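Working notes for the structure below.
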There are 2 protein chains.
Amino acid sequence: MVNSDMGIKVDRNKVALLAGVSSATVSRVFNHPEKVNKDKRETVLKAAKELNYKPNINAAILARGINGKILLLDNNKLLKYDSSNSYYYSWLYVDLLNQIRDVLKGTVYELVISNLEDLKIQDSFDLRDFDGIICFDIDDIDDLSLVRESGIPYVFGHHVREIPLTNKLFTDNYYGGFLQARFLRETGHIKTIYITGMLNKLNAHKERYNGFSDIYSCKNHLLIEGRVGKDGGEESIRTVIDKIESKEYTAIAAVNDLTAIGIYFELMKRGISIPEDVSLIGYDNLPFTNLLPKRLSTIDIKIGQLYKQSAINLLSIIRNGTNEMPGNFKPSLIRGQTVSRNKEIL
Amino acid sequence: MVNSDMGIKVDRNKVALLAGVSSATVSRVFNHPEKVNKDKRETVLKAAKELNYKPNINAAILARGINGKILLLDNNKLLKYDSSNSYYYSWLYVDLLNQIRDVLKGTVYELVISNLEDLKIQDSFDLRDFDGIICFDIDDIDDLSLVRESGIPYVFGHHVREIPLTNKLFTDNYYGGFLQARFLRETGHIKTIYITGMLNKLNAHKERYNGFSDIYSCKNHLLIEGRVGKDGGEESIRTVIDKIESKEYTAIAAVNDLTAIGIYFELMKRGISIPEDVSLIGYDNLPFTNLLPKRLSTIDIKIGQLYKQSAINLLSIIRNGTNEMPGNFKPSLIRGQTVSRNKEIL
DNA sequence: TTGTAAGCGTTATCAA
DNA sequence: TTGATAACGCTTACAA
């Protein structure tokens with residue numbers, strides 16, 4: 001007690017001395033407790049407690065020949081106000097961060113955050129300083145090569161085809177689109193409008209649409225390809241405002257929440273009530289949507305859970321060299337208040 | 001080249017061998033380059049490059065007797081949907097994170113994130129594993145004692161009085177409230193409504209109000225103390241809706257953006273136009289406010305910059321044992337679109 | 001089951 | 001200005 005309180009360094013040797021064992025035994029008590037006699041183990045633990053002993057992680061790491069660090073590598077698009085839309089996703093980032101930390105909590109690994117920009121331009125750090133890499137939102141094939149060629153175990157959350165499935169964890173966009181459609185159909189909507197970005201530009205958009213159109217055939221939905229985001233949503237909805245006012249279409253699905261928000265406010269401005277006049281469902285479940293006058297119906301991509309699983313997978317790759325976990329992550333429906341039963345058909 | 005590409009370990013000794021110097025000289029080249037002969041320095045650097053040598057940070061840290069880690073300790077209120085309001089501040093968290101990382105980039109320190117809950121309940125980690133602690137949004141005096149008693153250098157971003165000024169960095173709430181008021185006065189508003197939480201409950205609220213009422217005397221503003229947040233804003237504004245409709249009061253200031261958003265939507269619902277019928281200004285500059293139909297006028301607390309400065313201060317404390325930097329951080333005005341010139345007096 | 005001792009890759013002191 | 005060399009605190013063969 002006194003020792004530690006006085007700030008005098010207490011290491012394995014001091015504990016060993018007090019417990020009357022060798023320092024190797026102390027080490028074993030902490031790393032392979034099953035390999036040491038129960039009585040001795042307790043004596044050591046007692047001595048350690050008395051001395052307020054705390055293992056030095058860095059020394060352990062050095063002795064083990066590892067780095068003790070997992071890298072969360074992001075594309076640093078977050079927080080760039082100008083590249084606008086991705087900025088708002090930083091909200092989800094904290095969730096993801098916490099989930100990954102949760103997985104790493106019991107391990108020797110510490111989570112370190114960095115981004116591609118620092119890696120490439122400044123080379124202020126080296127991938128070799130890490131035992132594993134979790135890529136967040138990295139979709140450029142060249143960027144990925146950088147990671148793959150480092151030889152460090154990695155996992156990856158997107159859709160580049162060249163990546164082995166083992167290292168990949170992705171949100172099931174098809175299923176998400178399907179959920180949107182199924183919800184609208186269940187609430188009695190016959191004819192719907194689907195608002196998205198240019199489908200040939202982004203695979204995720206295409207997949208979400210495929211899931212949606214699996215339920216709503218071409219005759220039963222109107223597809224609008226345009227810009228995404230708040231402004232895009234406003235623009236797109238204007239082109240079909242007459243078809244909403246005429247009640248020809250009774251529900252709208254958007255490819256993401258930001259676009260849905262543009263639609264939401266544009267309709268509001270024109271005195272069209274949601275969901276009384278038209279139903280609306282988004283995609284992503286940005287926390288923002290919970291602050292709207294009517295809580296937006298949307299799809300929760302559960303990004304925190306997705307990256308939690310990716311951290312688990314990474315650990316498995318580091319330890320076993322491989323990983324058997326699922327790579328496919330299913331989103332879920334948030335019912336919200338912006339979709340209501342279609343009264344036109346009652 | 002070959003060596004490193006083949007994954008064979010290359011350390012100081014290999015570099016020393018190739019450069020024809022001792023390993024101590026190699027070490028000096030990297031740590032105290034001024035202490036080594038220029039020619040030799042270049043030879044060493046060349047050899048290091050050729051071998052693709054990378055210093056082992058953990059070994060350095062161990063030898064130096066430091067931990068190589070700075071802790072960002074938060075109160076883990078973020079991400080708790082139920083404790084609602086703080087949840088939305090996670091948006092700002094990413095900003096702060098990036099800024100701190102930016103400061104630490106040139107140092108041996110890595111940023112590690114953790115929270116009080118893990119520290120107290122699980123004791124899954126030990127404050128002694130860190131060289132410095134940045135406390136984020138920790139306002140409980142007992143929690144702070146934990147940090148202070150660890151003896152580790154720390155900085156701290158709030159208003160507990162017992163903390164020495166050196167270790168404290170705070171946002172100037174008085175000035176922020178003053179900015180709100182000055183902006184409203186400049187745009188010609190004579191009588192205003194100030195909506196806040198219970199003033200005796202939270203010092204920050206009190207300070208903001210003091211700044212505001214420094215410009216608007218009691219006769220010129222109506223103070224509403226109530227619940228904060230979206231619901232609170234809705235409630236509070238309802239109690240004075242007649243005074244807004246009658247144009248007796250032409251502008252509203254809210255203690256924070258979440259409250260302002262409640263006010264915003266409640267007014268919208270009642271057909272009161274912002275800023276045509278009444279002006280509105282919030283506080284915090286949550287990114288959210290940029291997505292509203294009219295971009296909310298608000299006060300930017302610049303939390304990223306604040307924590308950047310706090311990281312700089314912490315480094316100064318670690319290195320010099322003390323710190324001379326300013327502890328007071330001034331927010332700035334975001335003009336937005338929800339405050340307009342008061343036409344009543346034109 | 002336990003102890004001895006050789007690393008792990010640095011830093012830094014002390015002589016030269 | 002340089003080179004030996006002793007830490008740094010731990011892990012882990014290997015031997016006992």
Side-chain angles (χ1 to χ4, degrees), chain A residues 3-4 7-45 47-48 51-69 107-110 126 128-129 131, chain B residues 3-4 7-45 47-48 51-69 107-110 126 128-129 131:
Chain A
N3 278 342
S4 68
I8 290 170
K9 294 254 167 109
V10 25
D11 59 12
R12 286 235 187 303
N13 291 319
K14 299 240 178 21
V15 177
L17 204 67
L18 181 61
V21 299
S22 75
S23 95
T25 299
V26 179
S27 184
R28 280 190 207 99
V29 168
F30 285 94
N31 297 308
H32 313 283
E34 74 285 358
K35 287 187 178 175
V36 35
N37 178 291
K38 199 185 165 205
D39 289 354
K40 265 206 171 95
R41 200 194 311 157
E42 278 164 9
T43 320
V44 168
L45 253 18
L51 293 170
N52 196 9
Y53 166 71
K54 169 193 77 66
N56 180 315
I57 294 167
N58 278 308
I61 283 169
L62 182 61
R64 285 192 185 133
I66 61 176
N67 293 294
K69 287 176 197 144
T107 74
V108 294
Y109 302 111
E110 210 72 80
D126 194 307
R128 290 176 293 168
D129 281 326
D131 300 302
Chain B
N3 278 344
S4 68
I8 290 169
K9 295 253 165 110
V10 25
D11 59 13
R12 286 235 187 304
N13 290 320
K14 299 240 177 25
V15 177
L17 205 67
L18 181 62
V21 298
S22 75
S23 93
T25 299
V26 180
S27 184
R28 279 189 209 99
V29 169
F30 285 93
N31 296 308
H32 313 283
E34 75 285 357
K35 287 189 178 172
V36 35
N37 178 292
K38 199 187 165 203
D39 290 351
K40 263 204 173 96
R41 200 194 310 157
E42 279 164 8
T43 320
V44 168
L45 253 16
L51 293 171
N52 195 10
Y53 166 73
K54 169 194 76 67
N56 180 315
I57 294 167
N58 281 307
I61 283 169
L62 181 61
R64 284 193 185 131
I66 62 175
N67 293 293
K69 288 177 198 143
T107 73
V108 294
Y109 302 112
E110 210 73 78
D126 194 307
R128 290 175 293 167
D129 280 326
D131 300 302

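For the numbers below, each heavy atom of this structure counts, side chains included, while hydrogens, waters and symmetry mates do not. Please read all numbers here as calculations on a predicted model, not as lab measurements. The chains referred to below are lettered A, B, ... by the order of the sequence lines, with proteins before strands, and numbering in each begins at 1.
- Under the 3.5 Å distance criterion, the side-chain polar atoms of R28(B) are left unmatched by any main-chain donor or acceptor of K35(B).
- Rounded to a whole Å, the CG atom of D11(A) is 14 Å from the C1' atom of dT11(D).
- When all heavy atoms of V26(A) and V15(A) are compared, the pair lying nearest together is CG1-CG1, 4.0 Å.
- When DNA chain C is scanned 5' to 3' for any atom under 4.0 Å from a heavy atom of chain B, the first and last hits are dG9(C) to dT13(C).
- Residue-level contact check: N58(B) touches neither bases nor backbone, having no heavy atom under 4.0 Å from any strand.
- A side-chain donor-acceptor contact under 3.5 Å links D11(A) to the backbone of K14(A).
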Check: protein-nucleotides 6-8 of chain D nitrogen or oxygen pairs below 3.5 Å:
residue	atom	partner	partner atom	Å
dC8(D)	O2	A63(B)	N	3.4

All N/O donor-acceptor pairs, side-chain side in residues 54-68 of chain B, below 3.5 Å, sequence neighbours left out:
residue	atom	partner	partner atom	Å
K54(B)	NZ	D129(A)	OD1	2.9
N56(B)	OD1	N58(B)	N	2.8
N56(B)	OD1	A59(B)	N	2.9
N58(B)	ND2	N67(A)	O	3.1
R64(B)	NH2	N31(B)	OD1	3.1
N67(B)	ND2	R128(B)	O	3.2
N67(B)	ND2	D131(B)	OD1	3.4

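- Of the residues in residues 16-29 of chain A, those placing a heavy atom less than 4.0 Å from an atom of DNA chain D are A24(A), S27(A), R28(A), in numerical order.
- Note: R12(A) CZ to S22(A) OG = 10.5 Å, rounded to the nearest 0.5 Å.
- Residue-level contact check: N13(A) touches neither bases nor backbone, having no heavy atom under 4.0 Å from any strand.
- Interatomic distance, R41(A) CZ to L45(A) CG, rounded to the nearest 0.5 Å: 8.5 Å.
- By the salt bridge (Lys or Arg N to Asp or Glu O under 4.0 Å) test, K69(A) is found to be paired with E110(B), residues two or more places apart in sequence or in another chain being considered.
- T43(B) pairs by the side chain to side chain contact (heavy atoms under 4.5 Å, CB included) definition with A19(B), not counting sequence neighbours.
- Near DNA chain D, meaning a heavy atom under 4.0 Å from it, residues 34-44 of chain A has no residue at all.
- Over its length, the helix from dT1(C)-dA16(D) to dA16(C)-dT1(D) turns its helix axis by 30°, as judged from the five terminal pairs at each end, rounded to 10°.
- In this view, T107(B) satisfies the side chain to side chain donor-acceptor pair (under 3.5 Å) rule with no residue, not counting sequence neighbours.
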